[in-house]
Amino acid sequence: MARIVCTFALPAEAADLLRPLGEVAGPDGWRGELADAEALVCVLTDRVDAELLAVAPNLRIVANAVAGYEHVDREACRARGVVVTNTPDVLTDATADVAFALILGTLRGVSSAERSLRGGGFGGWRFDGYLGADLAGRTLGIYGMGRIGQAVARRAAPFGMRVIYHSRSRLDPSAEAETGARWVAWDELLSSSDVLSLHAPLTPDTRHVLDRNALRRMRRGAFLINTARGPLVDEAALVDALRDGHLAGAGLDVYERDPVVHPGLLELPNVMLLPHIGSATTETRHRMAMLAARNVEAVLSGQPPLTPVS
Ligand SMILES: NC(=O)C1=CN([C@@H]2O[C@H](COP(=O)(O)OP(=O)(O)OC[C@H]3O[C@@H](n4cnc5c(N)ncnc54)[C@H](O)[C@@H]3O)[C@@H](O)[C@H]2O)C=CC1
Ligand SMILES: O=CC(=O)O
């Protein structure tokens, strides 16, 4: 019987799928179970590197139960013939919903208004109280027009937003028409977006793509939304741009040193901060676990994985 090691508590249905394939070990003490493991089911807080692979010589698959895979050393896996999979698509809508919640919440100051009320600051309706910004008529810029980027674009049109995007590759004309989004160069994305939403993976090319210089090239009074990965943004430079009013606000689900949040962000009123909840719905997490389990099932039975990481 194969040994399948899981680093987190698998939902029951996914565990049921795996049990006929082998003994399921973990999450307690999962590192100690790797010696004869053939499959590892893990998430983004588990670093899978050459050191880990060295103590798991029988490993055939790393079934990553999230979309991002920057925490997996794919080259080391390839060198040892270990298949790497992730869980795209099944979390697209949930994550796009959170990006849109951040867009709405940040432009309308939802978090700070609620904090004010809870702190006793609501003294009754005022003509000039709690003023935010309209979504309608504003331009949403999307960086990384993949699954989640396109799902965010589709949500923006009914709110009356114009959508522009910049991505490594351009959508085909029918997808552009369906999402209502127009391709622009990186510089134009920075200078023309009233709201810039990040949806590219973390790679050597995208790390600090929003560095101090790029943040300064963003439109004055713009908002930054990040549900992709924290290190896409130079967080210290973001704090400065928010403090001096160059940017009007930010909505963040991810952090440069996740889970540590820059203290400057915690002090700013015009920032909405979420604890990395993009895919955190019961239904979505169930689908993610099932897809990871099905990838294990496929590889352990000699079939191609359903969602390999290219
Ligand atoms: N906050 C959360 O809980 C979640 C965060 N994520 C993050 O969102 C990211 C995107 O997810 P998906 O849309 O499913 O991935 P995807 O692979 O469908 O889309 C990524 C897009 O980024 C583009 N891209 C890649 N490198 C680029 C570059 N250097 N410059 C411009 N564009 C580039 C790709 O061409 C692609 O269109 C994931 O990699 C993950 O880091 C995903 C799920 C949940
Ligand atoms: O951040 C979450 C993911 O699925 O990637």
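When a ligand or atom number is given, it counts from 1 through the structure's own listing order.
The side chain of Leu44, and not its backbone, has at least one atom closer than 4.0 Å to an atom of ligand 2 (non-hydrogen atoms only; side chain from C-beta on). By the criterion of a heavy-atom distance under 4.0 Å, neither the backbone nor the side chain of Thr87 is placed next to ligand 2.
Atoms of ligand 1 found under 4.0 Å from any heavy atom of Tyr143 (numbered from 1 in listed order, with element): 28 (C), 29 (N), 30 (N), 31 (C). Counting the atoms of ligand 1 from 1 in the order shown, those under 4.0 Å from a heavy atom of Pro201 are 20 (C), 22 (O), 24 (N), 25 (C), 39 (O). Close contacts of ligand 1 with Met145, meaning ligand atoms under 4.0 Å from a residue heavy atom, involve 37 (O). Those atoms of ligand 1 with a heavy atom of His276 less than 4.0 angstrom away are 1 (N), 2 (C), 3 (O). Close approach to Ser279 involves these atoms of ligand 1, each under 4.0 Å from a residue heavy atom: 3 (O). Of all atoms in ligand 2, numbered sequentially from 1 with element shown, those under 4.0 Å from a heavy atom of His276 are 1 (O), 2 (C).
Of all protein heavy atoms, the one lying nearest to atom 19 (O) of ligand 1 is Gly146 CA, 3.2 Å. Scanning the protein for heavy atoms near atom 29 (N) of ligand 1, the closest one is Thr206 CG2, 3.4 Å. Of the protein's heavy atoms, Arg147 NH1, 3.6 Å lies nearest to atom 17 (O) of ligand 1. If you check which protein heavy atom lies closest to atom 31 (C) of ligand 1, you get Arg168 N, 3.3 Å. Here the heavy atom of the protein found nearest to atom 7 (C) of ligand 1 is Ala228 O, 3.6 Å.
When the options Ile142, Thr92, Ile148, Thr87 are ranked by their closest heavy atom to atom 12 (P) of ligand 1, first place goes to Ile148. Selection from Pro88, Ala99, Ser167, Ala151 by nearest heavy atom to atom 23 (C) of ligand 1 gives Ser167.
At under 3.5 Å, not a single nitrogen or oxygen of Ser279, backbone or side chain, sits near a nitrogen or oxygen of ligand 2. Taking any N or O of Gly68, backbone or side chain, at least one lies under 3.5 Å from an N or O belonging to ligand 2. For ligand 2, the polar-atom distance check finds no N/O of Met288 at less than 3.5 Å from any of the ligand's N/O atoms. Residue Arg229 has at least one nitrogen or oxygen atom sitting less than 3.5 Å from a nitrogen or oxygen atom of ligand 1, judged on distance alone.
Ligand 1 is never approached by Thr203 to a heavy-atom distance shorter than 4.0 Å. Contact between Thr95 and ligand 1 is present, with at least one heavy atom of the residue lying under 4.0 Å from the ligand.
Shortest non-hydrogen contact noted between Ala156 and Leu140 is CB-CD2, 3.6 Å.
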